[in-house]
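Worksheet for the structure shown next.
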Number of protein chains: 2
Amino acid sequence: MRGMLSFLIMWFLSKRPMYGEEIALELEKMKGNKPTPGTIYPALKHLQNNGLVTSKKDGRNIIYSLTEKGTTTSKKAFEYFCSMFEPVFKDCIKAKNLKKM
Amino acid sequence: MRGMLSFLIMWFLSKRPMYGEEIALELEKMKGNKPTPGTIYPALKHLQNNGLVTSKKDGRNIIYSLTEKGTTTSKKAFEYFCSMFEPVFKDCIKAKNLKKM
DNA sequence: TTAAATATATCGGACGTCCAATATTGGCCA
DNA sequence: TGGCCAATATTGGACGTCCGATATATTTAA
């Protein structure tokens, strides 16, 4: 279960390249609280050190995107995530349908 | 994202009381690898120290179950989990449907 | 009645996540 | 041009997760 933050960052980047603040804001939308720079940048650095993410300057921003290796890794991690949490997801749907009645 | 193990343990226990090895085996089914005692028991201890889980001896086994506080906490955490990961879940379903074609 | 197997438990170390605090850079505008 | 602000980045400490190693109790089997 360690590595969830990295997983989510890669999932975001698989949709489109983003700069750091954008990623932080997406995480805020998702989790309800915005990760501080001390959370997000070390994670991005770690992903870069492992060759999963690259960065490119764009004016004031630094745009992060998946490398080729990052794309395949992200895909595999996504499949793993989906199959692992499937029982919980099903429970989520069940709870949601019960609420409607 | 910290606390995922505790969340899963509580989710299991919300279905039915279990002893430690059972929880470990459920986690193995889910994640593909079985957590060692050094992972599972400290987590159970932590949950007990916070009054979320109680234990009861039953022969060779120690059966863990949610306290009242644990039940409400688990419910809230479950709702949070569902809403937080909903976008990813939807992506899982999308990927699954694509595979069928 | 030993021996083996099962379940529980702790320890130590590593790692990833998390925040608060602090610093630095680059673009923008008054 | 100077000052402001957004974005990037690092540091230090705390915490939860994770494993391998080791230990102990209890139950079952030989």
Side-chain angles (χ1 to χ4, degrees), chain A residues 1-13 17-65 70 73-74 77 80-81 84-85, chain B residues 1-13 17-65 70 73-74 77 80-81 84-85:
Chain A
M1 256 81 72
R2 268 184 316 193
M4 282 294 293
L5 177 63
S6 298
F7 165 72
L8 283 180
I9 290 175
M10 291 180 77
W11 184 70
F12 287 135
L13 294 183
M18 296 182 180
Y19 57 96
E21 265 295 297
E22 263 186 303
I23 297 171
L25 289 171
E26 286 293 327
L27 284 166
E28 184 182 20
K29 236 195 288 174
M30 190 177 236
K31 306 202 304 156
N33 71 317
K34 189 178 159 189
T36 62
T39 298
I40 203 82
Y41 289 108
L44 283 167
K45 196 181 177 183
H46 187 246
L47 288 169
Q48 287 190 86
N49 290 345
N50 290 334
L52 301 167
V53 162
T54 40
S55 57
K56 197 180 72 181
K57 281 204 76 170
D58 175 49
R60 164 162 33 190
N61 305 331
I62 295 182
I63 297 184
Y64 297 91
S65 55
T73 301
S74 157
Y80 176 65
F81 179 91
M84 165 171 172
F85 284 110
Chain B
M1 254 81 73
R2 267 186 315 194
M4 281 295 293
L5 177 63
S6 298
F7 166 70
L8 284 180
I9 291 175
M10 292 180 76
W11 184 70
F12 288 134
L13 294 182
M18 296 182 181
Y19 57 95
E21 265 294 297
E22 263 186 305
I23 297 172
L25 288 171
E26 286 293 328
L27 284 166
E28 183 182 21
K29 237 196 286 174
M30 190 176 238
K31 306 201 307 155
N33 71 317
K34 188 177 159 188
T36 62
T39 298
I40 203 84
Y41 290 108
L44 283 167
K45 194 181 178 183
H46 186 246
L47 287 168
Q48 287 189 88
N49 290 344
N50 291 334
L52 301 167
V53 163
T54 39
S55 57
K56 196 180 72 181
K57 277 204 81 168
D58 175 50
R60 164 163 33 194
N61 305 329
I62 294 182
I63 297 185
Y64 297 91
S65 55
T73 301
S74 157
Y80 176 65
F81 178 91
M84 166 170 171
F85 284 110

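Hydrogens, waters and symmetry mates play no part in the numbers below; they use all other heavy atoms, side chains included. In what follows, chains carry the letters A, B, and so on, assigned in the order in which the sequence lines appear, proteins first and then strands, with residues in each chain numbered from 1.
Atom C1' of nucleotide C:dT17 and atom CZ of B:Phe7 are separated by 18 Å, given to the nearest angstrom. The CG-P distance, from A:Leu5 to C:dC18, rounds to 5 Å in whole Å. A straight line from CG of B:Asp58 to P of D:dT26 spans 14 Å, rounded to a whole angstrom. Atom CE of B:Met4 and atom C1' of C:dC18 are 16 Å apart (whole Å). Atoms CG (B:Asn50) and P (D:dC15) sit 12 Å apart, rounded to a whole Å. Atom P of nucleotide D:dT17 and atom CG of B:Leu44 are separated by 11 Å, given to the nearest angstrom. Atom CD1 of A:Ile40 and atom P of C:dG16 are 16 Å apart (whole Å). The nearest whole Å value for the distance from the CE atom in B:Met1 to the P atom in C:dC19 is 9 Å.
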Sub-3.5 Å pairs of nitrogen or oxygen atoms, protein against nucleotides 6-8 of chain D:
| from | atom 1 | to | atom 2 | distance (Å) |
| --- | --- | --- | --- | --- |
| D:dA6 | O4' | A:Arg60 | NH1 | 3.3 |
| D:dT8 | OP1 | A:Gly20 | N | 3.3 |
| D:dT8 | OP1 | A:Ile62 | N | 3.1 |
| D:dT8 | OP1 | A:Ile62 | O | 3.3 |
| D:dT8 | OP2 | A:Gly20 | N | 3.4 |
| D:dT8 | OP2 | A:Glu21 | N | 2.8 |
| D:dT8 | OP2 | A:Tyr41 | OH | 2.7 |
| D:dT8 | O5' | A:Tyr41 | OH | 3.1 |

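Atom-to-atom distance recorded for A:Tyr41:OH and A:Thr36:OG1 is 10.5 Å, nearest 0.5 angstrom.
A distance-only check finds a donor-acceptor pair linking the side chain of B:Tyr80 to the backbone of A:Lys31 [under 3.5 Å].
Residue B:Gly3 is in sugar-phosphate contact alone, with no base atom involved, counting any heavy-atom pair closer than 4.0 Å across all strands shown. Counting non-hydrogen atoms under 4.0 angstrom, B:Asn33 reaches the backbone sugars and phosphates but no base.
Each of B:Glu26, B:Glu21, B:Glu22 was scored for a salt bridge (charged side-chain N to carboxylate O under 4.0 Å, His left out) with B:Lys34, with one residue passing: B:Glu21.
Checking B:His46 against B:Lys34, the closest nucleotide of DNA chain D that is more toward the 5' end is the one next to B:His46. If A:Gly38 and A:Gly59 are placed on DNA chain C by their nearest nucleotide, the residue sitting closer to the 5' end is A:Gly38. Nearest-nucleotide assignment on DNA chain C puts the 5′-proximal partner with B:Gln48, out of A:Lys57 and B:Gln48.
Put simply, the side chain of B:Asn49 reaches to within 4.5 Å of the side chain of B:Lys45, judged on heavy atoms. At a threshold of 4.5 Å between non-hydrogen side-chain atoms, the residues A:Ile9 and A:Val53 do not count as touching.
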Open item on the list: If you apply the rule side chain to side chain contact (heavy atoms under 4.5 Å, CB included), what do you find for A:Leu8 with B:Met84, and how did you get there?
Closed with: CA-CA 11 Å; A:Leu8 283 180; B:Met84 166 170 171; 4.0 Å; yes
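Taking the six-membered ring where tryptophan is involved, the planes of B:Phe85 and A:Phe81 are tilted, since the angle between them lies from 30° to 60°.
With C:dC18, C:dT17, D:dC18 as the candidates, the nucleotide lying closest to the side chain of B:Thr39 is D:dC18.
Close to C:dT10, at under 4.0 Å from its OP1 or OP2, lies a side-chain N or O of B:Lys45. OP1 or OP2 of D:dT17 has at least one side-chain nitrogen or oxygen of B:Ser6 nearer than 4.0 Å.
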